[in-house]
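Order of the sequence lines sets the chain letters (A, B, ...), proteins ahead of strands, with each chain counted from 1. Only a predicted model underlies this, so the values are computations on that prediction, with no experimental measurement involved.
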Amino acid sequence: MTVRTRFAPSPTGYLHIGGARTALFAWAYARRHQGTFILRIEDTDVARSTPEAVQAILDGMAWLHLDHDEGPYYQMQRMQRYKEVIAHLLASGAAYHCYTSPKELEQLREAQMARKEKPRYDGRWRPERGKPLPSAPTGVAPVVRFRNPGEGVVAWDDLVKGRIEIANAELDDFIIARADGTPTYNFCVVVDDWDMRITHVIRGDDHVNNTPRQINLLKALNAQVPQYAHLSMILGDDGTKLSKRHGAVSVMQYDEDGYLPEAVLNYLARLGWSHGDDEVFTMEQFIQWFDLDHITSSAAQFNTEKLNWLNQHYLKLADDARLAGETARRLAKRGVDPEAGAPLEKVVALYKDRVGNLNELADALEPFCVHVHPSAELIATHLTENARAALSVLRERLSACSWEKPAISQAMKDTLAACALKMPQVAIPLRVALLGQPQSPSIDAVLEVLGRDEVLRRLDQYV
RNA sequence: GUCCCUAUCGUCUAGAGGCCUAGGACAAUACCCUUUCACGGUAUGAACCCGGGUUCGAAUCCCGGUGGGGACGCCA
């Protein structure tokens, strides 16, 4: 049997980090087993679903390279099928109409809570042998409820949490179709997983409580019950539930913040899953190694520091041209012309192993593209009269030497000797003059990529 | 409140009864490297929630407590 997994977000917002990890694991499991990964959009909540959110989810998955083999399927386009199944359930007696109003249900729940009971539907419209049913009120559209087994337990061997058993007595007859006829979540999921022949349902563990209902429904439909793997939650950096203030932002925000998708992917893969002591690995390795046995069953706290570390790592590995492209995009966004200065790719090579993210890389490259204006304070402390005199000597030598690192370096050394100065006494003022900052990579390398003309031009302001 | 899940360094985790004086990684600290700032290298500190069992032996198995999380919608 070939593995078929799915990712089934509801388009009520962007793809956040928790959803991304769920998608990653479902995707990886399918890839690991040469299976099929299906994308399904659960848009039956018409009021909250938006096409923008659908697009945001698609964008997020594309950024992470989580490609699907089937779909996206849209539940709203499957209404006919749901209605068919509901009619069948009604006809077979596995479902029934219920006329209890929302207000009555609310009262029922309140009363139950007051008695310290678990709030649930009391089955007043559930047909039972020999039980008289109330007469249907006129002009009230009924909901359809699934007739849940009254006794016994529902059990499954969760692929990450182990065996879970829930007594049917804990469950109630849940609504599968609203008064307006539209089917509800738990019902659509079941029909879809069945129709799409999903073999492994990999999803967040907030669905553990839905699973017994879904299994009962599947059984009533005579459908094969898939395997379930419930992933524990991702908590925010502060150990509390993900919220907009920390973590529950769109994965595209990570792009915005200068993270590389491979860093986010690697980080997410290690959050709640492990392969011995391996910390850094490619997606190819991940697919080879991924299994459900090594998923942690407890919630994991998001750690930005570690993500930063991975991002820095992948930045060092990344191709210069690619990083130049990424940086150019960011510079352009700031109104800086990335073509205006030294060849970006060369500057990238100088800086990519010194920065933590793409925005920092853009910060570092910006002085190469624009006219720099060192602060008055920097000028006062570093571009002293003595320093300017040394820079003047250096300028002479630089205008004459050949333009490669060794020659430039020699020009620096000759200047030091001539002025009886130490390296930092010239290199730091030079950095301030050229880049507006007292720190930079090795100064001869900076000079080399900046180019002789530009170096001399920038120096002329101070000598 | 009821039900379900969960518990190893600050964080992510290794660990499937003896290999554990509990390993790795991030972070922290110190030192080294150095032309500044970084990168890098080396080293150090840091954990089995508590209480009972089971066993010759428990981080690992069982029970209870406590802490954390989730679910209890005509939301998904």
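Counting to the nearest Å, the C1' atom of rC39(B) and the CD atom of E360(A) are 13 Å from each other. As a whole-Å value, the separation of K103(A) NZ from rC74(B) P is 16 Å. Atom NE2 in H294(A) sits about 16 Å away from atom C1' in rU8(B), given to the nearest Å. Remark: C1' of rC74(B) and OH of Y99(A) are 15 Å apart, rounded to the nearest angstrom. Counting to the nearest Å, the P atom of rG70(B) and the CZ atom of R213(A) are 18 Å from each other. Going from atom CG of N308(A) over to atom P of rU11(B) covers 18 Å, rounded to whole Å. Counting to the nearest Å, the P atom of rG69(B) and the NZ atom of K161(A) are 14 Å from each other. Look at CD1 on I176(A): it is 13 Å from P on rA76(B), rounded to the nearest Å.
Distances from the side chain of K118(A) to the nucleotides rC72(B), rU11(B), rC74(B) place rC72(B) closest. You'll find that the side chain of S409(A) is closest to rU35(B), out of rG23(B), rU35(B), rU36(B). Distances were taken from every side-chain heavy atom of I164(A) (C-beta onward) to each of rC5(B), rG40(B), rC74(B); the shortest belongs to rC5(B). Side-chain proximity of Q301(A) to the nucleotides rU11(B), rU35(B), rA76(B) is greatest for rU11(B). Comparing atom distances between the H207(A) side chain and each of rA76(B), rC72(B), rU36(B) picks out rA76(B) as nearest. Ranking rA76(B), rU35(B), rC4(B) by closeness to the I166(A) side chain, first place goes to rC4(B). Nearest to the side chain of R270(A), among rU13(B), rU35(B), rG70(B), sits rU13(B). The side chain of S297(A) has rA7(B) as its nearest neighbour among rC12(B), rA76(B), rA7(B). Residue Q312(A) places its side chain closer to rG40(B) than to any other of rG40(B), rU13(B), rU2(B).
A427(A) comes within contact range of at least one nucleobase, with a heavy-atom separation under 4.0 Å. In this structure, G204(A) reaches neither bases nor backbone, as no heavy-atom distance under 4.0 Å exists between it and the strands shown. No contact: P9(A) has no heavy atom under 4.0 Å from any strand. Residue contacts for L271(A): at a heavy-atom cut-off of 4.0 Å it reaches the sugar-phosphate backbone alone, with no base atom in range. If you check every strand for non-hydrogen atoms under 4.0 Å, D444(A) touches a base. Within 4.0 Å (heavy atoms only), P424(A) reaches no atom of the nucleic acid at all. Within the 4.0 angstrom heavy-atom criterion, only backbone atoms of the sugar-phosphate kind lie near V208(A); the bases stay farther away. Among the heavy atoms of the strands, none lies under 4.0 Å from T304(A). Nucleic acid contact class of D172(A) (heavy atoms, under 4.0 Å, all strands): none. Here S442(A) lies in heavy-atom contact (under 4.0 Å) with a base.
Remark: the separation of the C1' atoms in rA25(B) and rC61(B) is 30 Å, to the nearest Å. Spacing of P atoms, rU42(B) relative to rA27(B), comes out at 14 Å, to the nearest Å. Rounded to the nearest Å, the gap between the P atom of rC72(B) and that of rA46(B) is 44 Å. The separation of rC50(B) from rA58(B), taken at their P atoms, amounts to 15 Å, rounded to a whole angstrom. Atom name P, nucleotides rA43(B) and rA38(B): the rounded distance is 22 Å, in whole Å.
One finds a side-chain N or O of T44(A) lying less than 4.0 angstrom from the OP1 or OP2 phosphate oxygen of rA76(B). In this structure, R115(A) does not reach the rG1(B) phosphate: none of its side-chain N or O atoms is under 4.0 Å from OP1 or OP2. Between rG40(B) and K316(A), a contact under 4.0 Å exists linking OP1 or OP2 to a side-chain N or O. At rU13(B), one or more side-chain N or O atoms of T296(A) fall inside 4.0 Å of OP1 or OP2 (strictly under the cut-off). For the OP1/OP2 pair of rA14(B) and a distance below 4.0 Å, the side-chain nitrogens and oxygens of S274(A) include at least one atom meeting the criterion.
The partner of rU42(B), taking Watson-Crick or G-U wobble pairs whose two distances both stay under 3.5 Å, is rA30(B). Here rG17(B) sits opposite no nucleotide as a Watson-Crick or G-U wobble pair (both hydrogen-bonding atom distances under 3.5 Å). With a cut-off of 3.5 Å on both Watson-Crick or G-U wobble distances, the partner of rC72(B) is given as rG1(B). Using the Watson-Crick or G-U wobble rule with both distances under 3.5 Å, rU66(B) pairs with rA7(B). When both distances must be under 3.5 Å, the Watson-Crick or G-U wobble mate of rA59(B) does not exist.
In this structure, W27(A) and T22(A) have side chains that are not in contact, with every pair of non-hydrogen atoms separated by 4.5 Å or more. Using a 4.5 Å cut-off on side-chain heavy atoms (C-beta onward), F7(A) and L66(A) make no contact.
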Report each atom pair, protein N/O against N/O of nucleotides 27-33 of chain B, whose distance is under 3.5 angstrom.
none

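Side-chain atoms of E279(A) come within donor-acceptor range of the base of rG24(B), with a qualifying N/O pair under 3.5 Å.
The closest side-chain donor-acceptor pair between N168(A) and N216(A) falls under 3.5 angstrom. Under the 3.5 Å distance criterion, with hydrogens and angles disregarded, a donor-acceptor pair is assigned to the side chains of T182(A) and D180(A).
Ring centroid separation for the pair H275(A) and W289(A) comes in under the 6.0 Å cut-off.
In terms of the ring pair (Phe, Tyr, Trp, His ring centres under 6.0 Å) criterion, H313(A) has no residue partners (sequence neighbours excluded).
Classified by its glycosidic torsion, rC39(B) falls in the syn category, the angle being within 90° of 0.
Taking the six-membered ring where the residue is Trp, W273(A) and F281(A) present perpendicular rings, their angle passing 60° and hence far from 30°.
Exactly one of Y254(A), Y267(A), Y314(A) qualifies for a ring-ring contact (aromatic ring centres under 6.0 Å, His included) with Y259(A). That residue is Y254(A).
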Donor-acceptor pairs under 3.5 Å, side chain of residues 429-441 of chain A to any protein atom, not counting sequence neighbours: which ones?
| from | atom 1 | to | atom 2 | distance (Å) |
| --- | --- | --- | --- | --- |
| R431(A) | NE | S440(A) | OG | 2.7 |
| R431(A) | NH2 | P441(A) | O | 3.4 |

Item to check | Worked verdict on T384(A) versus N386(A) for side-chain hydrogen bond (donor to acceptor under 3.5 Å, both in side chains) | outcome: CA-CA 5 Å; T384(A) 58; N386(A) 284 345; 5.5 Å; no
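Figure legend: R145(A) and Y121(A) shown as a cation-pi pair, the cationic atom lying under 6.0 angstrom from the six-membered ring centre and within 45 degrees of its axis.
Each of I175(A) and I295(A) was assigned the nucleotide of RNA chain B with the nearest heavy atom; the assignment lying further toward the 5' end belongs to I295(A). Both D353(A) and D277(A) sit near RNA chain B, but only D277(A) has its closest nucleotide nearer the 5' end.
Not a single donor-acceptor pair under 3.5 Å links the side chain of R203(A) to the backbone N or O of V208(A).
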